[in-house]
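Working notes, structure below.
Reminder, nothing fancy here: chain letters follow the sequence lines and each chain counts from 1. Please read all numbers here as calculations on a predicted model, not as lab measurements.
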Protein chains: 2
Amino acid sequence: MNTLSYGLLSLLAQSSYSGYDLMLRIQPFWPAKHSQIYPLLAKLEQEDYIRFELVPQRDKPDKKVYSLTGKGQEALKDWFDQPTAEPALRDEMMLKVFCMSYADRESARKMLADRLAYHKEQRRKYEHKLAELKEREGWPEAGLPAPSHPLFGAYLLTRKAIMSNETNTEWCKWVLSLLPEAD
Amino acid sequence: MNTLSYGLLSLLAQSSYSGYDLMLRIQPFWPAKHSQIYPLLAKLEQEDYIRFELVPQRDKPDKKVYSLTGKGQEALKDWFDQPTAEPALRDEMMLKVFCMSYADRESARKMLADRLAYHKEQRRKYEHKLAELKEREGWPEAGLPAPSHPLFGAYLLTRKAIMSNETNTEWCKWVLSLLPEAD
DNA sequence: TAATCCATGTAACGGGTTACATGATTGC
DNA sequence: GCAATCATGTAACCCGTTACATGGATTA
């Protein structure tokens, strides 16, 4: 049982999903490819943390819809009380910034402009997600969801993503302002 | 040539370092263990990106002090102009937050309090680093270093770390305020 | 006397990416 | 016609961590 396994169980605590769905939904929290997820799901199913139901579809390939077992629910609770690993951020840009004084101005400006565009696009997605959350059934008419609400966690994470996005955007703009365009 | 390789070259663009030094200094930007770094350095040396000088020491083991070759400098410049990979953040806590509504209040509060303590400790380190930078020779008497200054990048990164730290701290406090202690 | 720092390395293993493989449907 | 989306899987490879290995100096 590694972190990705628990991540999949966390998603399944909310609702049942196909492997493909899980792969898409886990990306913001723990990037992983389908080639990593499918074998893991098979293993988790064999060890009775999850089970699946084969769902035939018209006009689309059949799918396996996974859900948590009792053992899976217990494993999740136990994991929650274990000490949490420190966050790990790997960003190639940070290495490039470190040696920025040795590169030319235009390259540096382009790198930052690209990152700024990336943040802008991410921001759009987060706002979309927030809007989506607010349209889900059970969302309170006014204010935030209560801590016991199933969407509480998703809301907190979307807010976190937006806050970080704003800070990163601000940093990019600040650095660009220190690198005026050459005439 | 992977990202870590370029990271090591970036550090060596600033100054010569031993493998041990490189291992310590690359941590904030690209976490890596000595067991990954030593073989990489050997490979980079074989392929003529870097060279080393054996420096005997009294009261300490001898060390290999690495520096960039001309080929290494060129490789760095080429790399700088290549498209930059998107940042990847892996944080176990985000997965736990996602399923927070299924855990008990006390566990959740403890998790966030632990993370808050982690951020506080990190903050202390960043401030220390900033103070250290400002004491380095060549640091301007007033204002920031110019973009051509060798310490420009390190300064930007330290500022970025502090900005992110503030945002993360704020988020933790906000979430804790939503989870009042049980009586 | 035990732990930590400096300093270097190798071996085994698990985590993660890329590529290979298949196939129907929908939209440009 | 080509790319993307849905849907699942395997194989090869690279990246990263843990553990094994050594050894003197300093510090608690």
Under a 4.0 Å threshold between the charged nitrogen and the carboxylate oxygen, would A/Glu181 count as salt-bridged to A/Arg105?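 Looking at A/Arg105 and A/Glu181, the cut-off is not met.
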State plainly whether the residues B/Glu106 and B/Lys110 are in salt-bridge range, i.e. N to O under 4.0 Å.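 Here B/Glu106 does not pair with B/Lys110 in a salt bridge, since their nearest N and O are not under 4.0 Å apart.
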Once you measure the plane-to-plane angle for B/Tyr155 and B/Trp139, does it fall in the parallel (<30°), tilted (30-60°) or perpendicular (>60°) bin?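 Ring orientation, 0 to 90° scale: perpendicular.
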Between B/Glu53 and B/Val65 (side chain of the first, backbone of the second, donor and acceptor by atom type, cut-off under 3.5 Å), is there such a pair?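 Between the backbone of B/Val65 and the side chain of B/Glu53 there is no qualifying donor-acceptor contact (under 3.5 Å).
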Rounding to an integer number of Å, can you tell me how far [X] [atom1] sits from [N] [atom2]?
X	N	atom1	atom2	result
B/Tyr66	C/dA7	OH	C1'	11 Å
A/Gln57	C/dT25	CD	P	13 Å
A/Asn2	D/dG16	CG	C1'	14 Å
A/Tyr20	D/dT5	OH	P	7 Å
A/Phe29	C/dG16	CZ	P	17 Å
B/Leu40	D/dT17	CG	C1'	15 Å
B/Arg58	D/dA25	CZ	C1'	14 Å
B/Lys64	C/dC6	NZ	C1'	16 Å

Go through the steps to decide whether B/Asp91 and B/Arg115 satisfy the test salt bridge (charged side-chain N to carboxylate O under 4.0 Å, His left out), and finish with yes or no. CA-CA 11 Å; B/Asp91 185 356; B/Arg115 180 55 63 95; 2.9 Å; yes
Of A/Leu4 and B/Tyr38, whose nearest nucleotide on DNA chain C comes first from the 5' end?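 Between the two, 5'-proximity favours B/Tyr38.
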Proximal nucleotide (of C/dG15, D/dC15, C/dG23) relative to the A/Pro61 side chain: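 The listed nucleotide nearest to A/Pro61's side chain is C/dG23.
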Looking only at side-chain atoms of A/Lys63, point me to the closest of D/dA25, D/dA7, D/dG16.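 The answer is D/dA7.
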Side chain to side chain contact (heavy atoms under 4.5 Å, CB included), paired with A/Gln122, selected from A/Lys125, A/Lys120, A/Arg124: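 When side chain to side chain contact (heavy atoms under 4.5 Å, CB included) is applied between A/Gln122 and each of A/Lys125, A/Lys120, A/Arg124, only A/Lys125 qualifies.
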Report, one pair per line, the protein and nucleotides 17-20 of chain C atoms (nitrogen or oxygen only) whose separation is under 3.5 Å.
{"from": "C/dT18", "atom 1": "O4", "to": "A/Ser35", "atom 2": "OG", "distance (Å)": "2.6"}

Give a yes/no on whether any side-chain N or O of B/Trp30 is located under 4.0 angstrom from OP1 or OP2 of D/dC15.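 It does not, given that no N or O in the side chain of B/Trp30 lies less than 4.0 Å from OP1 or OP2 of D/dC15.
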Answer with yes or no whether the hydrophobic clustering places A/Trp30 together with A/Tyr20; edges join I, L, V, M, F, W, Y residues whose side-chain heavy atoms lie under 4.5 Å apart.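 Yes, A/Trp30 and A/Tyr20 fall within the same hydrophobic cluster.
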